[in-house]
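See structure below.
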Number of protein chains: 2
Amino acid sequence: MTTTQMMKGILDGCLLAIIKDKEVYGYELAEKLEGYGFNSFSEGTIYPLLMRMQKEELVTSTLKKSTAGPKRKYYSLTRKGEQELINFMERWEYLKGNVNRVLNHEAKND
Amino acid sequence: MTTTQMMKGILDGCLLAIIKDKEVYGYELAEKLEGYGFNSFSEGTIYPLLMRMQKEELVTSTLKKSTAGPKRKYYSLTRKGEQELINFMERWEYLKGNVNRVLNHEAKND
DNA sequence: GATTAATACCTTGTAATGCAAGATAATATT
DNA sequence: AATATTATCTTGCATTACAAGGTATTAATC
């Protein structure tokens, strides 16, 4: 029962939300996540996840020159990705509500 | 990116919270979870998880006669389990705060 | 010019865990 | 007897975060 495990199925939604806000490249995402309060995520997590999301046509990428180092791969949301972000937010609200109810021992009434 | 994946590392904390409130048996937990708003969890999920938690000494169990069917295995929290529940609640608040910030594009300021 | 540091990307293999599917057992009902 | 309901357990699979390692490009330092 670790924080790591708690991120499963949640990190991808977070990436979609960040990418929607503004075109970003992979390396940058780790820093962004820290800015939101997360401990930094491994590149071994972020890169495979981005490639998976591209394969699922949730994001597209374009290469652009970097001031230092190899070319940056900038990601943007596709329409499918925008829809998936909406779905994620719904699932997140659902999860949040349920877990909060469990922790407060409040049965759902509807 | 499924709701299933989002439960990883969270369901165990939910079970600890339910068990702390009142001694319960495995079969009962699926119903309780539904009462809190979750779609019912498979027994293939709940039983192995309970056994894992007992192995980690987070819960203890005692068998009691059932009105119909085989004996029920009632679970209670150990002191270690109570501490783990507290840890879980901290991690949950941490996760919730960070994800909410990401979705609202609000940088953490501290 | 050679070395080091920083930036930026990718790959491989491992661990954790929810779940479907199936098995078993005991009591109550038909 | 046969069926339904309650209740538990096991096996194998899919998913995904991550550690550890690798590659490539530019800038700064020696």
Side-chain angles (χ1 to χ4, degrees), chain A residues 1-16 23-34 38-56 58-59 61-75 84 88 91 95 98-99, chain B residues 1-16 23-34 38-56 58-59 61-75 84 88 91 95 98-99:
Chain A
M1 187 157 85
T2 63
T3 310
T4 284
Q5 283 297 326
M6 291 174 74
M7 287 309 297
K8 285 188 193 295
I10 293 177
L11 181 57
D12 44 5
C14 290
L15 293 195
L16 289 177
E23 208 185 38
V24 287
Y25 56 98
Y27 196 80
E28 197 181 3
L29 278 167
E31 297 164 13
K32 291 260 187 191
L33 286 167
E34 271 189 83
F38 287 110
N39 294 329
S40 77
F41 277 93
S42 164
E43 295 164 18
T45 300
I46 290 174
Y47 289 116
L49 179 50
L50 286 169
M51 288 184 282
R52 212 186 298 150
M53 294 199 301
Q54 185 162 23
K55 199 173 178 182
E56 292 169 7
L58 302 176
V59 297
S61 65
T62 55
L63 291 173
K64 295 186 185 177
K65 281 180 194 161
S66 168
T67 52
K71 288 181 178 173
R72 294 167 175 168
K73 194 182 269 184
Y74 281 86
Y75 288 92
E84 184 56 31
F88 168 77
R91 288 201 305 278
L95 176 68
N98 291 350
V99 174
Chain B
M1 189 157 85
T2 61
T3 310
T4 284
Q5 282 297 327
M6 292 174 73
M7 287 309 298
K8 286 191 191 293
I10 293 178
L11 181 57
D12 44 6
C14 290
L15 294 195
L16 288 177
E23 208 185 38
V24 289
Y25 56 100
Y27 197 81
E28 196 181 5
L29 278 167
E31 297 165 13
K32 291 261 185 189
L33 286 167
E34 272 188 84
F38 288 108
N39 294 329
S40 77
F41 278 92
S42 163
E43 296 160 18
T45 300
I46 290 174
Y47 288 116
L49 180 50
L50 287 169
M51 287 185 281
R52 211 185 301 150
M53 294 198 299
Q54 185 161 26
K55 200 173 178 183
E56 292 169 8
L58 301 177
V59 297
S61 66
T62 54
L63 290 172
K64 295 186 184 178
K65 278 178 194 162
S66 168
T67 53
K71 288 182 179 176
R72 294 168 176 167
K73 194 182 270 186
Y74 281 87
Y75 289 91
E84 184 57 31
F88 168 76
R91 287 200 305 278
L95 176 68
N98 291 350
V99 174

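Throughout, protein chains are lettered first and strands after them, A, B, ... in sequence-line order, and every chain is numbered starting at 1.
Here dA17(D) presents its P atom at 16 Å from CZ of R91(B), a figure rounded to the nearest Å. Regarding D12(A), its CG atom lies at a distance of 6 Å from the P atom of dA17(D), rounded to whole Å. Taking atom CE on M7(A) and atom C1' on dC18(D), their separation rounds to 13 Å, with Å as the unit. The CD-C1' distance, from Q5(A) to dA14(D), rounds to 14 Å in whole Å. Between the NZ atom of K8(A) and the C1' atom of dT14(C) there is a distance of 11 Å, rounded to whole Å. Between N39(A) atom CG and dA17(D) atom C1' there is a gap of 14 Å when expressed in whole angstrom units. In this structure, I10(B) atom CD1 and dT16(D) atom C1' are separated by 14 Å, rounded to whole Å. Atom C1' of nucleotide dG18(C) and atom CG of L33(B) are separated by 13 Å, given to the nearest angstrom.
Contact check for F38(A) versus M7(A): side-chain heavy atoms found under the 4.5 Å cut-off. The shortest distance between side-chain heavy atoms of L15(B) and L33(B) falls below 4.5 Å. Side-chain contact between R52(A) and E56(A) is present, with at least one heavy-atom pair separated by less than 4.5 Å. Contact annotation: the side chain of Y25(B) never approaches that of K64(B) to less than 4.5 Å [non-hydrogen atoms, C-beta and beyond].
Comparing E28(A) and L11(B) against DNA chain C, the residue whose closest nucleotide sits nearer the 5' end is E28(A).
Among the atoms of the strands shown, only primed sugar atoms or phosphate atoms (P, OP1, OP2) are found under 4.0 Å from some heavy atom of G26(B).
Within residues 45-55 of chain A, the residues having any heavy atom closer than 4.0 Å to DNA chain D are, in order of number, T45(A), L49(A), R52(A). Near DNA chain C, meaning a heavy atom under 4.0 Å from it, residues 62-70 of chain A has S66(A), A68(A), G69(A), P70(A) in order of number.
T4(A) has a side-chain polar atom (N or O) that falls below the 4.0 Å cut-off from OP1 or OP2 of dC18(D). OP1 or OP2 of dC9(D) lies within a sub-4.0 Å distance of a side-chain N or O belonging to K73(B). Contact check, Y25(A) against dA8(C): a side-chain N or O comes under 4.0 Å of OP1 or OP2.
Residues forming a side chain to side chain donor-acceptor pair (under 3.5 Å) with Y74(B) (at least two apart in sequence, or on another chain): R72(B). Not counting sequence neighbours, E34(B) has no partner by the salt bridge (charged side-chain N to carboxylate O under 4.0 Å, His left out) test. Remark: Q54(B) engages S61(B) in a side chain to side chain donor-acceptor pair (under 3.5 Å) (not counting sequence neighbours). In this structure Y27(A) satisfies the ring-ring contact (aromatic ring centres under 6.0 Å, His included) test with no other residue, sequence neighbours excluded.
When V24(A), L29(A), D12(A) are each tested for a side chain to side chain contact (heavy atoms under 4.5 Å, CB included) with L50(A), only one passes: L29(A).
You won't find any donor-acceptor pair under 3.5 Å spanning the side chain of E43(A) and the base of dC18(D), going by distance alone.
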